[in-house]
Amino acid sequence: MDQLLAPLFSFLLLYKYVALFIIIFVGNIIFLIPSNIFILMAGVFSGTAYFNFYWSLLIIVIGNSAGDYLIYTLTKKNSAWLGCRLRNKKAPYFQRLENFMKSAAGRTIIISRVTGAFSIIVNFLAGISKISWWKFLFYDVVGNFLVTLILMYIGFVVGGTWEQASDTVNTVGSIVGVLMLAFFVYKAVANNKK
Amino acid sequence: MPHKKITRDHLLTLVIIILTIAIGAVTFFLLPAATDEARQLHYRPLPFPRWRTQQNRPLALPTPSTIAVWMTFDYLNKIFNLPPDYLKTSLNITDARYPFLTVNGLAREQKQNATGTLKMVEQAISNHLNGK
């Protein structure tokens, strides 16, 4: 992991806040970059006073929310076409998921922020379900703020032993992500049987 | 006049707002207002006393053995509180990008193995910390 991410860590140290924004923003659009690790690293760098804690927090929340909002906007703008395609293929299942998303948007969006890469799925579902702009933005910013604060704080405290902490953060994120996916599947299937 | 029913979502939103404000306030007021010693060492003290060491530094201080090839010399200078040109002189670095040069970048520039270069950097930092 460290070897694969090393060029990005260097990029972060060289270009500081600009790099932080780019990494977090891109990481929220594509699955490949584990943005949670970079949030943790921002905390580590803040602990050594190389980064400013509050600026990093602000930039990460903006970068995260901008990335989320882009996915949400793209899917919402194309929701008629996407929804039509999905409904035609998996009609009842997709409809149940859409209804669930509409009824529990806030909780789902906030919890999904912990999962890192998995949150893309929720952004996609929120866009297709046509959750209102303000509702999505509110829960997204609040969720991103809370998760960023916790992760940066962990990085701030653990300092030099961040690698062990990043393993734990990844594991927790993956477990929540998998549970969330399982819950979505359960919701779609269980409701369908009624 | 019709009363609007308070739903679970309304309550959840309220709890989230209160929680966010509370966490934000705690962070703002308790997170580091660095002491003079910490400023001098480029470390911020930790917010809560039980998380502090006697030296008022983070629990896991960086040591020469924790440095990595992706780190820049600017970062190393800062975390080990080294004089800006110490590593440049002791490692004979001629690259104009210094201190915004990574250990890996130096290894490439000097056509050396990254692990070997890292050991040299570790040694130079240890020498400085040990006052040699």
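Naming: A, B, ... by sequence-line order, numbering from 1 per chain. Just so it is clear, the model here is predicted, and its values are computed rather than measured.
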Using a 6.0 Å cut-off, check whether atom NZ of Lys16(A) has over 12 heavy atoms from anything other than its own residue.
yes
Taking all atoms of both residues into account, what is the closest heavy-atom pair of Thr72(B) and Leu14(A), and its distance?
CG2-CD2, 3.6 Å
Can you say whether Asp74(B) sits under 4.5 Å from chain A via the side chain, the backbone, both, or neither, judging by heavy atoms?
both
Hey, which residues of residues 106-122 of chain B are touching chain A, say heavy atoms under 4.5 Å apart?
none
Check each atom of Thr102(B) against the heavy atoms of chain A and say whether the ones under 4.5 Å are side chain, backbone, both or neither.
side chain
Supply the atom-to-atom distance Leu101(B) CG to Leu13(A) CG, rounded to the nearest 0.5 angstrom.
12.0 Å
Are more than 12 heavy atoms, taken from residues, nucleotides or ligands other than Trp55(A), located less than 6.0 Å from that residue's CH2 atom?
no
Where does Leu12(A) contact chain B at under 4.5 Å (heavy atoms): side chain, backbone, both or neither?
neither
Does the side chain of Phe45(A) reach to within under 4.5 Å of the side chain of Ile79(B), using non-hydrogen atoms?
no
Do Trp70(B) and Phe11(A) make a side-chain contact, defined as non-hydrogen atoms from C-beta onward lying under 4.5 Å apart?
no
